[in-house]
Structures are given as C-alpha cells and as structure tokens.
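The structure under discussion appears below in the form of structure tokens.
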Amino acid sequence: QVQLVESGGGLVRPGGSLRLSCVASGGVFDIYVMGWYRQAPGKQRELVAAITNSDTTNYADSVKGRFTISRDNAKATVYLQMNNLQPEDTAAYYCNADPLPITWNSGSYYSASDYWGQGTQVTVSS
C-alpha cells in the first residue's frame with residue numbers, strides 16, 4: 001500500500017512562493033507517474049502538474065511558467081515549486097501516485113489511481 005505525505009503549504013501573499021513536498025512509502029516510487037492536484041471549495045479536483053519517471057512533465061495551462069514539478073527518486077519525493085502565487089491558486093493541494101498512467105498520452109491526463117495524500121492547504125491572500 002502506497003502512502004503519501006505532503007508538506008509545505010501555508011499562507012502567502014500574492015506574488016510569493018512556496019515549495020510543496022510529497023514523500024512516498026510502501027511502493028516502488030520510481031515507476032510511478034507522480035502528480036500534484038488541487039481542489040478549491042466548491043470546485044472539482046484538477047491536475048496541476050505531473051511528472052514521469054523519465055522526468056517528462058505535464059502542466060495545467062494556468063500554472064505554466066510559474067510552477068515547476070520535480071522528483072528525487074532516491075528520496076521517493078516529488079516537489080512542486082510555486083512562484084508568483086495568485087489568489088486563484090488558493091486550494092488544498094494533493095499528491096498522487098499513478099502506477100498505470102493510461103491517459104498520459106491522451107492530451108488530457110488525469111490519474112485513475114487511488115493513491116492520494118491527505119492534502120496540504122495553500123492560501124494566497126494579502
């Protein structure tokens with residue numbers, strides 16, 4: 001059973017930065033597609049960014065140029081560096097591990113895996 005633990009959320013002013021981390025255990029980390037998703041109140045959970053084991057990345061249009069996803073397989077950790085944060089980035093951010101990314105090449109990747117972390121809150125406000 002894969003377990004995912006996120007950290008790094010918090011309150012930040014518009015234009016500020018945060019770095020989220022997600023540590024995985026209980027699985028074979030380096031074969032998974034790892035993703036960050038977010039869910040704001042009243043909205044559906046959406047993909048923010050994902051990364052394959054060969055470091056191919058996929059970003060939501062709304063975060064391109066501002067967010068960077070990376071992974072360290074030796075530490076079984078995936079990161080999300082978030083720069084120039086805006087109020088619309090406010091949400092609970094969740095880490096996901098996807099062992100079978102069947103939609104990766106579809107142009108609209110979204111994980112079907114049940115491996116989720118507990119979430120970390122990001123609030124962008126002045």
Side-chain angles (χ1 to χ4, degrees):
Q1 183 73 14
V2 177
Q3 293 185 326
L4 304 170
V5 179
E6 303 102 332
S7 61
L11 173 64
V12 64
R13 295 184 184 276
S17 298
L18 284 174
R19 188 194 195 204
L20 306 183
S21 300
C22 171
V23 180
S25 60
V28 185
F29 178 83
D30 58 358
I31 70 170
Y32 299 147
V33 167
M34 298 299 299
W36 286 98
Y37 295 72
R38 66 187 181 188
Q39 188 167 19
K43 294 187 177 182
Q44 291 188 335
R45 190 172 297 187
E46 62 175 355
L47 174 71
V48 176
I51 185 168
T52 70
N53 58 358
S54 58
D55 291 338
T56 300
T57 57
N58 184 336
Y59 292 94
D61 288 342
S62 59
V63 307
K64 285 180 181 176
R66 301 188 298 125
F67 291 11
T68 302
I69 189 170
S70 61
R71 65 191 291 164
D72 184 336
N73 289 338
K75 296 182 179 180
T77 301
V78 61
Y79 305 97
L80 185 68
Q81 177 67 43
M82 306 185 293
N83 297 330
N84 191 22
L85 283 159
Q86 300 300 316
E88 53 266 33
D89 296 315
T90 295
Y93 283 70
Y94 298 90
C95 178
N96 175 271
D98 187 356
L100 194 63
I102 59 175
T103 63
W104 182 260
N105 293 315
S106 70
S108 58
Y109 170 71
Y110 196 96
S111 174
S113 165
D114 291 330
Y115 297 141
W116 295 95
Q118 82 289 350
T120 186
Q121 179 67 34
V122 172
T123 302
V124 185
S125 176
S126 56

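- By the ring pair (Phe, Tyr, Trp, His ring centres under 6.0 Å) test, Y37 pairs with Y110, W116, sequence neighbours left out.
- The number of heavy-atom neighbours closer than 6.0 Å to CD of E88, taken from other residues, nucleotides and ligands shown, is above 12.
- Both Y59 and L20 are part of a single hydrophobic cluster, where members link through side-chain heavy atoms under 4.5 Å apart.
- Qualifying side chain to side chain contact (heavy atoms under 4.5 Å, CB included) partners for S62, counting only residues two or more places apart in sequence or in other chains: R38, A60.
- Between L11 and Q121, every side-chain heavy-atom pair lies at or beyond the 4.5 Å cut-off.
- Nearest heavy-atom pair across G16 and V12 is CA-CG2, 3.7 Å.
- Note on Y79 and I51: separate hydrophobic clusters, where clusters join Ile, Leu, Val, Met, Phe, Trp and Tyr whose side-chain heavy atoms are under 4.5 Å apart, directly or indirectly.
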Give the C-alpha distance, both sets of side-chain angles, the deciding distance and a yes or no for side chain to side chain contact (heavy atoms under 4.5 Å, CB included) between N58 and V33.
CA-CA 10 Å; N58 184 336; V33 167; over 6 Å; no
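- Annotation: side chain to side chain donor-acceptor pair (under 3.5 Å) contacts of D114 (sequence neighbours excluded): none.
- The list of salt bridge (Lys or Arg N to Asp or Glu O under 4.0 Å) pairs with a residue in residues 115-126, not counting sequence neighbours, is empty.
- Here the OG1-OH distance, from T120 to Y94, works out to 10.0 Å after rounding to the nearest 0.5 Å.
- Taking both residues in full, the closest heavy atoms of P14 and S126 are given as CD-N, 3.7 Å, listed atom of the first, atom of the second, then distance.
- Applying the under-4.5 Å side-chain rule to Ile, Leu, Val, Met, Phe, Trp and Tyr, the cluster around V23 consists of that residue alone.
- The shortest non-hydrogen separation linking V122 to G9 is CG2-CA, 4.2 Å.
- The side chain to side chain contact (heavy atoms under 4.5 Å, CB included) check on I31 picks up V28, with sequence neighbours excluded.
- When the side chain to side chain donor-acceptor pair (under 3.5 Å) test is applied to S54, the partners found at least two apart in sequence or on another chain are T52.
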Please assess T56 against W104 for the test side chain to side chain contact (heavy atoms under 4.5 Å, CB included), listing each intermediate value before the final yes or no.
CA-CA 10 Å; T56 300; W104 182 260; 4.0 Å; yes
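- Applying the side chain to side chain contact (heavy atoms under 4.5 Å, CB included) test to S106 and every residue at least two apart in sequence or in another chain returns T103, S108.
- Judged as a side chain to side chain donor-acceptor pair (under 3.5 Å), the pairs with a partner in residues 4-22 (not counting sequence neighbours) are, in order, E6-Q118, S17-N83.
- Of all heavy-atom pairs spanning A91 and A40, the tightest one is CB-N, 3.9 Å.
- With sequence neighbours left out, the side chain to side chain contact (heavy atoms under 4.5 Å, CB included) criterion links Q3 to S25.
- K43 meets the salt bridge (Lys or Arg N to Asp or Glu O under 4.0 Å) test with no other residue; sequence neighbours excluded.
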Run the numbers on L18 and F67 for side chain to side chain contact (heavy atoms under 4.5 Å, CB included), then give the verdict.
CA-CA 10 Å; L18 284 174; F67 291 11; over 6 Å; no
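- Counting only residues at least two apart or in different chains, salt bridge (Lys or Arg N to Asp or Glu O under 4.0 Å) contacts with residues 62-81 comprise D61-K64, R66-D89.
- Considering all non-hydrogen atoms of both residues, A112 and D98 come closest at N-OD2, 4.3 Å.
- Each of L4, T77, N53 was compared with M34 under the side chain to side chain contact (heavy atoms under 4.5 Å, CB included) criterion, and only L4 meets it.
- Between the side chain of T90 and the main chain of V124, a donor-acceptor pair closer than 3.5 Å is present.
- Here the closest non-hydrogen pair linking C95 and V78 is SG-CG1, 3.8 Å.
- With values rounded to the nearest 0.5 angstrom, C22 atom SG is found 7.5 Å from F29 atom CZ.
- At least one donor-acceptor pair closer than 3.5 Å links the side chain of N96 to the backbone N or O of Y115.
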